[in-house]
Amino acid sequence: MKTDFVFFSPLHWILIAATPVAGVLLGMAARGRPPLQHSIRHALGWMLIASQVAWCYLNWVVEGWVFPGRMPLNLCDFTIVSTAIAAIT
């Protein structure tokens, strides 16, 4: 799939910088507000699970089952899933 996205372009750097800024802003917004903390944690946890499922599905559709190159639940996958479970519970 060809896109106009260029690695390390100004747009890429803006997106890289926006990631921790969004985390800080969400943390500041939720500080001292338990219902908002609960909602943000659940939303982020479910987004992690949805992105992981979509990523595994995309790899399976595009590349097929490749052993051992694209094994599900490698260390990175395990980290994402365990982080999502920790956020939801």
Side-chain angles (χ1 to χ4, degrees):
M1 177 171 75
K2 187 168 170 97
T3 66
D4 295 331
F5 184 77
V6 179
F7 286 108
F8 304 113
S9 66
L11 173 62
H12 191 206
W13 286 111
I14 290 169
L15 294 172
I16 289 171
T19 302
V21 169
V24 168
L25 292 176
L26 282 171
M28 288 171 49
R31 182 164 298 179
R33 299 182 188 118
L36 188 57
Q37 290 174 358
H38 183 76
S39 299
I40 290 173
R41 280 189 312 111
H42 277 215
L44 291 175
W46 285 111
M47 283 192 303
L48 278 173
I49 289 174
S51 70
Q52 186 63 27
V53 168
W55 178 252
C56 289
Y57 178 74
L58 177 70
N59 279 333
W60 180 67
V61 167
V62 171
E63 297 180 11
W65 183 260
V66 179
F67 181 80
R70 293 280 183 193
M71 288 290 296
L73 289 179
N74 61 24
L75 182 59
C76 294
D77 295 337
F78 177 75
T79 304
I80 290 172
V81 171
S82 62
T83 302
I85 291 170
I88 292 171
T89 58

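Residue indices begin at 1 and follow the sequence shown. None of these values were measured; they are calculated from a predicted model.
- The two residues Ala30 and Leu36 have their closest heavy-atom pair at CA-CD2, 4.0 Å.
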Atom pairs and distances, side-chain donor-acceptor, residues 81-89, under 3.5 Å, sequence neighbours left out:
from: Ser82; atom 1: OG; to: Phe78; atom 2: O; distance (Å): 3.0
from: Ser82; atom 1: OG; to: Thr79; atom 2: O; distance (Å): 3.1
from: Thr83; atom 1: OG1; to: Thr79; atom 2: O; distance (Å): 2.7
from: Thr89; atom 1: OG1; to: Ile85; atom 2: O; distance (Å): 2.8

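- Residues His38 and Pro34 are not in side-chain contact: their nearest non-hydrogen atoms beyond the backbone lie 4.5 Å or more apart.
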Considering only distance and modelled atom types, tabulate donor-acceptor pairs under 3.5 Å from the side chains of residues 4-15, sequence neighbours left out.
from: Ser9; atom 1: OG; to: Val6; atom 2: O; distance (Å): 2.9
from: Ser9; atom 1: OG; to: His12; atom 2: N; distance (Å): 3.4
from: His12; atom 1: ND1; to: Phe8; atom 2: N; distance (Å): 2.7
from: Trp13; atom 1: NE1; to: Phe8; atom 2: O; distance (Å): 3.3

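- Leu26 and Leu44 make their closest contact through CD1-CD1, 4.4 Å (heavy atoms, listed as atom of the first residue, atom of the second, distance).
- Taking CZ of Arg33 as the reference point, atom OG of Ser39 lies at 12.0 Å (rounded to 0.5 Å).
- Annotation: the span from Cys76 atom SG to Trp55 atom CH2 amounts to 11.0 Å, rounded to 0.5 Å.
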